[in-house]
Every structure is written in C-alpha cells, then in structure tokens.
Amino acid sequence: MKTGSFFFTLCIINMMPFFAFSQNGPAIVTGKNIAVVQTVYGAVRGYIRNGVYTFKGIPYGKADRFMPPEKPAPWKGVRSCLAYGPVCPTNQSTMFSDEFAFAFNMNPGQSDENCLNLNIWTKKTGDDEKKPVMVWLHGGGFASGSSREYPSYDGENLSNKGDVVVVSINHRLNVLGFLDLSAYGEKYKYSANAGAMDMVAALNWVKENIARFGGDPGNVTIFGQSGGGAKVTCLMNCPSANGLFHKTIVQSGSYLNHFTEDSIAKKVSTALLQELKLQPGQADSLQKIPYAILSAAGLKALKEVKKNLKSADMPVFGLEWGPVRDGSFLPYQPDETAAIELSKHIPLLIGSCKNEYNPFIPGSRGISMDSAKAKLQKKYGGKTEAYIAAVKKAYPETIKPSDYIDVDLIFRPLVIEQADKKGINAAAPVYMYLFARQSPVLDTMFKAFHCMDLPFVFNNIGRCEEMTGGGEEAYALADKMSGAWINFARTGNPNSVGLPAWPKYTPENGAVMIFDNRCEVKNHHDKELLAIGAGQ
C-alpha cells in the first residue's frame, strides 16, 4: 500500500465512530480494515459499536498448568478479536433460582484453561489520546466468575460516557490459580499465586500496549466488586504490581483482610494428593489430571483442612481458594506496615451495599414486625430495642419490618476497617460510599443487595433492567455514579456533577456518600448500629 493511501485508510477508520452516529448509519461497523490496532505481539481487529471501538479475547499471556504466566506468542497477520475469549473452568457454579436467574441474566461463556485474555472498549485509538484506563477485575471470589458473566460488565457505555479506556480480564482461578505445590519442586515455586500473577501479567500488557488503544499507561485505575474488590486489595499488597496502577476502587470486596499462610496452603496440597491417592513424588501427574477430577479433589482438600483450623488462621469467609502469603510474590499480610506502605500513595474509593446479602436471609420477605422482633431478640437479646432504634436513626426511611433485619453488618464494618488502615497514612485520599437504592423488581425482594451497584457503575441500566427495574430514577443515579467513578479514574477525586460535595473520608469524620435516588453525604450515620452489631 502506498503511504498516501495508507494514511487515507487510517483517517477513514478513525472517522468511523462519527459515521456510526451520523446519517442514520449502522450501530455496528465491522470489516477487514475496521478497528485494527497493532500490539507488541501482533495486530488485532475488533469492531465499532455505537462509536466505541471494541476488542474481545485479546491474549495477554500464556501458561502451563500451575506455572507462572509468560508473554503471549507473537502472531502474524491480523488476529480477529470480535468475541469474548474462553474463561477459567470452575465447578463451583452459582445455583440460581428462577428469580435470581431473571435478575442476573448470567452468561458463563466457554471455559478453557487457556484463559489469559482481556477485552477493551475505547472511543478512539492511537498513541496521542492519553485517556484514563479503568481495568475491571471480576467477582466470584478467587474461585469462579469471568469478565463476561453479567451484562453489567460490558464496558461500552462507561467508555462512551467518560471517554475512558475500559479493560476487563480473565485469569486462572480456584485450584488452577491458587494450589501451593511449592513443596514438590522449584518449578512450582509460584503455583500458590499463579492466578494473581496472571493479573500482574495483564497489567504489564496494559502498560506495554494500552497507548495504542488511546489509553494512558501512566493513569490506570484497577476496580472490582466482591471477589474483584478483593483482587484489588491483593494487588495493592503485591510488590511486583507496584507502579502498574495508580488508583484503586474496592466495591464490596473488603473481606480480604488476611492472606492464607503458606503453611496452611501446603496442608491443602497434601490433602489433595491424599484424596487422589498420589505420593509426593507423583505431584507432576497433577499437570495431566482432568480438570473436573482435580477440582473436586481440591474442594475436598479445602474442607478437610478447614476442619482443624483455628478461626484466627482463616480469612473472613473461611478457607477458600485465594492468595497465599508465600514470602515472595506476597511477602506481607495486608495489615502489616510494609504492605500498607506499598500503596500509601494510591487514592482509594471504597464502599459496599446497604443490603448485601438480603435475598439470602431466610424468612425476610413479607415478615411481620412481631416476627422481625422475635428474630432480632434471638440475636441481640436485651439490646433489641436499642438495635431497632439504631436502624431507624441510621436509615430514617426504614418502614418495612424486613428493613430491620436485612441491613448489612458484615461488609460495612470491613469497609471501614480497610479505610481506617489506609487512612493511617494520609499520602493519598480515601473516599467512601454506600449504595442504598432499593430495586423495585419483584416487590423489592432484592433491595440494595450484593452486585446491585454494578449496572450503575457501568452505566448499564438498559442492559440490566431485570435487576434495576429501569426507569428515570435508575438512569439518573447511574449517570451520577458512573460519573463519579470516571472522575475518580481521571483525577483521583470522585466529585462530579449532580452529587453533593463529597469530602475525603477520615476515621474522625466518617464521611460516606450514600447513593440513592437522592444522594447525600453523612458522617458516622450508622456508628451506633455497627457498635450493637459488633456486640459492643
């Protein structure tokens, strides 16, 4: 191709978003020379939808089972990246009732151990754009989930609204990502954190390549919800990830306040070998065992080791697959001074939902006040009336009897704990939020439950009406909330149009932005409630 025609083609490609929006053109633009970007490893081709360049399933690495990730093999020609890539296998599937299946609209995708791939959404490609980059880490703990499983994860609307580059990744999970085989050979030195090393590899890929997709490798925000929020915390404590991200957002993920000690992780691998009737010298055979057999043995091993552990040795939700303090990749526990120092200069946006596990509380739907008081009496005894008064003080809008028994008192204290530890060093700001908007779906059975904030953060109300109910109020709140996340990614400050002034959180002011149909900032609004919930 002659130089003149080459640059003419590039101009046409970069004008495609304009044409997609004008003259009643197609919403999706595809073709041989459409949305082609040259990465360090080879060219990739995506598509343009509603003016947003979209690339899916780009390989950021490769890895043999239990081995550290390596850079992807280069390829010739143009690689088609139009569809989501494979996700990590899991046999820990979430069993949804019909109502939950309706709300979540889950799409698990195709699984394969070769799952180190990522997705990108950007309004314009090219090295001169310097857009903020937002890297999404999916939920599901460290055992399940994927970058594609929920419609709320789609990055198109967030990218379009804020002119940011959105990236989401898949990585190894469960027994594939966090089985400590280091006792069985030097080659397994990093097997205990292979899945977390994948995340670091993805961030290194972003550093190498994201400028070609319009992103600024010097302004990267990592954000995640539930297990994804825990992954953000993990990376904040990881020396090899230092410098690969510059802002952090933890959504309902503050439960990771303790990494599994390597001594315990080694007991799990021993139990797994015993379950499979293998001798220590046969550990290499684990590389060839079918995944379903390996995974089942791993779950039994976790259960067996858990029986004999003290509560002080376990993370908040018990012994699960997850990061291991191995002394090298993760040298510290999250509450150690050295760990806090690693991310002291990085701004943090942190929060949770008002009714995190509301739908999972037995007998909470349609409960009478007498029944609610009886339930509370069993838990709080003589403090029951004080508890009821504290709920009403913290949330004056409380009306239904169920509102007194389904307020989250697990995630919220952990959010405050993580924020307080971060706030010890004032080198970077902390901003706190609480998502409280009550979904009207199915007679408000879901309320502000775990994951309900996701469609609002990604500005995906239209894709998630079964969960949010849709409507003007939902769209208005999503506009405010996604705007706050975008501003935080851009500047480290979430203040944005439509929200009241949002001050930095400190242990002294207890400032929290409450996201509801009417957003407001409160200070220590639930201090009495949390104290009673903690048994004080």
Side-chain angles (χ1 to χ4, degrees), residues 60-61 69 116 118-122 131-142 145-147 153 155 158-159 162 164-171 173 193 195-210 213 215-256 322-323 329-330 334 339-340 342-351 415 418-419 422 428-431 433 453-454 457-458 482 484-494:
Y60 66 80
L116 276 55
L118 54 78
N119 316 297
I120 299 174
W121 293 265
T122 180
K131 304 177 191 295
V133 181
M134 301 180 71
V135 179
W136 174 250
L137 306 175
H138 68 76
F142 291 83
S146 75
S147 66
Y153 288 176
L158 188 63
S159 176
V164 294
V165 179
V166 179
V167 180
S168 63
I169 72 171
N170 291 314
H171 60 92
L173 302 161
N193 288 303
M197 293 182 77
D198 293 347
M199 293 185 276
V200 175
L203 291 175
N204 273 307
W205 189 97
V206 167
K207 182 178 180 180
E208 283 185 317
N209 294 280
I210 206 64
F213 295 85
D216 180 0
N219 188 8
V220 175
T221 297
I222 56 173
F223 69 130
Q225 182 268 348
S226 190
K231 292 166 192 175
V232 172
T233 299
C234 174
L235 292 172
M236 291 169 68
N237 289 270
C238 176
S240 62
N242 199 13
L244 297 178
F245 58 91
H246 313 93
K247 303 175 187 70
T248 52
I249 304 176
V250 177
Q251 303 172 214
S252 302
S254 296
Y255 66 86
L256 187 68
F329 181 78
L330 291 176
I340 295 172
L342 282 173
S343 58
K344 69 179 183 181
H345 59 289
I346 298 177
L348 172 65
L349 174 58
I350 188 169
V415 167
Q418 186 174 6
K422 172 76 171 175
V430 177
Y431 294 90
Y433 76 91
D453 53 333
L454 295 175
V457 166
F458 279 89
S482 60
W485 263 239
I486 289 164
N487 280 3
F488 182 79
R490 193 176 300 280
T491 68
N493 186 327

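Numbering of residues begins at 1 and proceeds along the displayed sequence. Every heavy atom of this structure was used, including side-chain atoms; hydrogens, water molecules and symmetry mates were not.
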Legend entry - CA sep, side-chain torsions, deciding dist, call: Gln251, Leu454, side chain to side chain contact (heavy atoms under 4.5 Å, CB included): CA-CA 9 Å; Gln251 303 172 214; Leu454 295 175; 3.9 Å; yes
Inset, instruction - Show your reasoning for whether side chain to side chain contact (heavy atoms under 4.5 Å, CB included) applies to Leu244 and Asn204. - result: CA-CA 7 Å; Leu244 297 178; Asn204 273 307; 3.5 Å; yes
Inset, instruction - Take Leu235 and Leu137 through the test side chain to side chain contact (heavy atoms under 4.5 Å, CB included) and record every step on the way to the result. - result: CA-CA 11 Å; Leu235 292 172; Leu137 306 175; 3.9 Å; yes
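Partner Trp485 forms a ring-ring contact (aromatic ring centres under 6.0 Å, His included) with one of Tyr433, Phe458, Trp136, Tyr431 and no other, that one being Tyr433.
Taking both residues in full, the closest heavy atoms of Ser147 and Ile169 are given as CB-O, 3.4 Å, listed atom of the first, atom of the second, then distance. Nearest heavy-atom pair across Leu158 and Ser482 is CD1-CB, 4.1 Å. Val164 and Ser159 make their closest contact through O-OG, 2.8 Å (heavy atoms, listed as atom of the first residue, atom of the second, distance). Summarising the geometry of Leu256 relative to Ala230, their closest heavy-atom pair is CD2-O, 3.3 Å, with the distance given to 0.1 Å. Phe329 and Cys238 get closest at one heavy-atom pair: CZ-SG, 3.4 Å. The shortest heavy-atom contact between Pro334 and Asn237 is CA-OD1, 3.2 Å.
Here the straight-line distance linking atom CE of Met134 with atom CZ of Phe223 works out to 4.0 Å at 0.5 Å rounding. For the atom pair CE (Met197) and NE2 (His171), the distance works out to 14.0 Å, reported to the nearest 0.5 Å. Note that the CD1 atom of Ile222 and the OG1 atom of Thr248 stand 6.5 Å from one another [nearest 0.5 Å]. Note that CG of Leu203 is 10.5 Å distant from CD1 of Ile210, once rounded to the nearest 0.5 Å. Interatomic distance, Asp198 CG to Lys231 NZ, rounded to the nearest 0.5 Å: 10.5 Å. Taking OG of Ser252 as the start and CG of Asp453 as the end, the distance is 5.5 Å to the nearest 0.5 Å.
Counting only heavy atoms from C-beta outward, the side chains of Leu330 and Cys234 approach each other to under 4.5 Å. The closest side-chain heavy-atom distance from Ser254 to Thr233 is not below 4.5 Å. No side-chain heavy atom of Phe245 sits under 4.5 Å from any side-chain heavy atom of Val135.
A donor-acceptor contact shorter than 3.5 Å is absent between the side chain of Ser226 and the backbone of Gly253. For the pair Ser168 (side chain) and Ile120 (backbone), a donor-acceptor distance under 3.5 Å is absent. Here the side chain of Thr122 pairs a donor or acceptor atom with the backbone of Phe213 at under 3.5 angstrom. Under a 3.5 Å cut-off, the side chain of Asn219 and the backbone N or O of Pro132 do not form any donor-acceptor pair. Checking side-chain atoms of Lys422 against main-chain N and O of Ile346 turns up a donor-acceptor pair under 3.5 Å. At distances below 3.5 Å, at least one donor-acceptor pair connects side-chain atoms of Tyr60 with backbone N or O atoms of Asn170. Between the Thr491 side chain and the Asn487 main chain, a donor and an acceptor come within less than 3.5 Å of each other.
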